[in-house]
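First the structure, in the form of structure tokens, and then the observations on it.
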Amino acid sequence: MTASLGLGTYRVRAAEQAARTACADGLVWIDTAPNYGDAHRLLGPVIADHPRAMVATKTGFFTKAEGEAAVTAGLLTPQQVAAGHSLRPAFTRWQTERSLSVLGRADLVFVHNPEHSQLDRAELHEQLRDVFAVLEEFATGGRIGGYGVATWSGFHHGTFAVPELLGLAKEAAGSGEHHLRAIQQPVSLVMIRPITLALDGRGALVQARAAGLLTFGSSPLHGGELATLATPELAEFIRRGAAPAAASLLAAASCPSLDVVLLSASTAQHWNAAKDAIASPLDPGQLRKVTDVLAQG
């Protein structure tokens, strides 16, 4: 089974039109964040026009303007703003309120790259629990659908694991009835470890799926680099006749235990080509051959 295609809006040009193209498919995830700038700011009208679209935003990183507003509000010091990232609970609450005001709603709020805080493991887990507690307030009040963790390297480096996040969510909620709903991590032919682990029935994606969490794969083309990094020979090996970008996306979307693959597609042509590319997934045996070839390289 292939993952469904979702729209990632990081560095997407003409984000409003891109989102309208994606939302025309109905039940689709739109992923954004306050530090995505115009993409985040322009999505509100699209979301209002498409009630079936599902919206994920984030908390943690912020733009220069939002950082200055946080200083004015007394939530961050200029020194803290210089870091460009904060998981202070009061800031989380304030930033989430702002996102809801801009977007209109949020089905998920991801804690954005918590490993960026560079705390030691115990301190980071404590901070995550406190941030989860804030997001639990939003969820129990019906203001967001739930929350998750979007990480670039947290699972890879063992900064946290899915069972630990579930434990922190239970502590934050004060019971087993928590609102941790999803994880997000990069899945690609460059960031291939999630694929190899999932093929072996291991890793964060498998653990999350077993716990009933949604799983999102970000950066399937590694910021667009795989369009040139993947050779025509590799693309042909993955899927006969496929271009490197299409083959790379297909491999990521075929990862076991992955629910949604997020692609930054700026045009309708790009979006429709991506849908076609993943319409017929690789079977696990073929995907394993691909990972074996890359391991030998």
V55 vs L108, test: side-chain contact (heavy atoms from CB on, under 4.5 Å). Steps then yes/no.
CA-CA 7 Å; V55 185; L108 283 173; over 6 Å; no
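- Distance check: N113 CG to T151 OG1 gives 5.5 Å after rounding to the nearest 0.5 Å.
- Judged purely by atom type and a 3.5 angstrom limit, S266 has no side-chain atom pairing as donor or acceptor with the backbone of V12.
- The shortest side-chain heavy-atom distance between L199 and P256 falls under the 4.5 Å cut-off.
- Rounding to the nearest 0.5 angstrom, the gap separating the CG atom in L5 from the CG atom in D276 is 10.5 Å.
- Using cut-offs of 30° and 60° on the angle between ring planes, the pair H125 and F160 is tilted.
- In terms of modelled atom types and a separation under 3.5 Å, the side chain of H40 and the main chain of Y36 share no donor-acceptor contact.
- Ionic pairing of D200 and R288 is present here: one or more N-O contacts between side-chain nitrogen and carboxylate oxygen are shorter than 4.0 angstrom.
- When the side chains of ILVMFWY residues are joined at heavy-atom separations under 4.5 Å, either directly or via intervening members, L262 and L249 end up in two distinct hydrophobic clusters.
- No donor-acceptor distance shorter than 3.5 angstrom exists from the side chain of R143 to the backbone of L100, with no hydrogens or angles considered.
- Residue Q184 comes nearest to S218 through the heavy atom pair OE1-CB, 3.6 Å, listed as atom of the first residue, atom of the second, then distance.
- H179 contributes no side-chain N or O that, together with a main-chain N or O of A169, makes up a donor-acceptor pair within less than 3.5 Å.
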Test side-chain contact (heavy atoms from CB on, under 4.5 Å) applied to I47 and I30, step by step
CA-CA 9 Å; I47 293 165; I30 307 295; 5.8 Å; no
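- We find that D107 and R181 are not joined by a salt bridge, their nearest charged nitrogen and carboxylate oxygen being 4.0 Å or further apart.
- Between Q185 and P194, some side-chain heavy-atom pair lies under the 4.5 Å cut-off.
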With side-chain contact (heavy atoms from CB on, under 4.5 Å) as the test, would you mind laying out the steps for L205 and L197 before giving the verdict?
CA-CA 8 Å; L205 296 176; L197 288 175; over 6 Å; no
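- Considering L87, V111, L168, T92 as possible partners of Q127, the one that fulfils the side chain to side chain contact (heavy atoms under 4.5 Å, CB included) test is L87.
- The two residues P114 and L128 come nearest to each other via the heavy atoms CB-CD2, 3.9 Å.
- Each of L7, L221, D31 was checked for a side chain to side chain contact (heavy atoms under 4.5 Å, CB included) with L263, and the lone residue meeting it is L221.
- One distance of note links CZ of R239 with OG of S248; it measures 13.0 Å at 0.5 Å rounding.
- F61 and V71 fall into different hydrophobic clusters, defined by Ile, Leu, Val, Met, Phe, Trp and Tyr side-chain heavy atoms under 4.5 Å apart, directly or through other members.
- For the pair L189 and I238, the minimum side-chain heavy-atom distance is below 4.5 Å.
- Put simply, the side chain of P244 does not reach to within 4.5 Å of the side chain of L234, judged on heavy atoms.
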Run the numbers on L165 and F155 for side-chain contact (heavy atoms from CB on, under 4.5 Å), then give the verdict.
CA-CA 11 Å; L165 295 178; F155 294 125; 3.9 Å; yes
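- With respect to the salt-bridge test (charged N to carboxylate O, under 4.0 angstrom), the residues R41 and D38 qualify.
- Of all non-hydrogen atoms in I195 and T291, the two that sit nearest each other are CG2-CG2, 4.0 Å.
- M191 and V206 fall into different hydrophobic clusters, defined by Ile, Leu, Val, Met, Phe, Trp and Tyr side-chain heavy atoms under 4.5 Å apart, directly or through other members.
- Between S219 and S188, the side chains place no donor N or O within less than 3.5 Å of an acceptor N or O (distance only, hydrogens not considered).
- The cluster map of Ile, Leu, Val, Met, Phe, Trp and Tyr, joined by side-chain heavy atoms under 4.5 Å apart, puts L258 and I192 in the same cluster.
- Enclosure of atom CZ in R20 by more than 12 non-hydrogen atoms of other residues, nucleotides or ligands within 6.0 angstrom is indicated.
- By the 4.5 Å heavy-atom criterion applied to side chains, E68 and T72 are not counted as neighbours.
- Of all the heavy atoms in V261 and A253, the pair that sits closest is CG1-CB, 3.9 Å.
- Taking CD of Q95 as the start and CG of L76 as the end, the distance is 9.0 Å to the nearest 0.5 Å.
- Atom OH of Y10 has 12 or fewer heavy atoms from other residues, nucleotides or ligands within 6.0 Å.
- Distance check: K275 NZ to D25 CG gives 3.5 Å after rounding to the nearest 0.5 Å.
- Between R121 and the choices E164, E115, E126, H157, the side chain to side chain donor-acceptor pair (under 3.5 Å) rule is met once, by E164.
- Between the side chain of S257 and the backbone N or O of A198, no donor-acceptor pair lies under 3.5 Å.
- Across all non-hydrogen atoms, the minimal contact from A106 to V109 is CB-CG2, 4.2 Å.
- Between F216 and F110, the gap from one ring centroid to the other is short of 6.0 Å.
- Remark: the backbone N or O of E137 is paired with a side-chain donor or acceptor of T140 at under 3.5 angstrom.
- Residues D259 and W29 bring no donor and acceptor atom of their side chains to less than 3.5 Å of each other.
- In terms of heavy atoms, F132 sits closest to L180 at CZ-CD1, 4.4 Å.
- In the hydrophobic clustering of ILVMFWY residues, with side-chain heavy atoms under 4.5 Å counting as a link, M54 and L43 come out apart.
- Heavy atoms from other residues, nucleotides or ligands lying under 6.0 Å from CZ of R129 number more than 12.
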Just do the ring-ring contact (aromatic ring centres under 6.0 Å, His included) check on F91 and F62 with the steps written out, would you?
CA-CA 10 Å; F91 176 79; F62 47 84; 5.4 Å; yes
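- Distance OG1/T159 to CD/Q118: 11.0 Å, rounded to 0.5 Å.
- Without hydrogens or angle criteria, S101 side chain to E97 main chain gives no donor-acceptor distance under 3.5 Å.
- Using modelled atom types, one side-chain atom of T77 and one backbone atom of Q80 make a donor-acceptor pair closer than 3.5 Å.
- In this structure, K58 contributes its side chain and T32 its backbone to a donor-acceptor pair below 3.5 Å.
- Of the possible polar contacts, one joining the Q286 side chain to the F237 backbone as a donor-acceptor pair under 3.5 Å is found.
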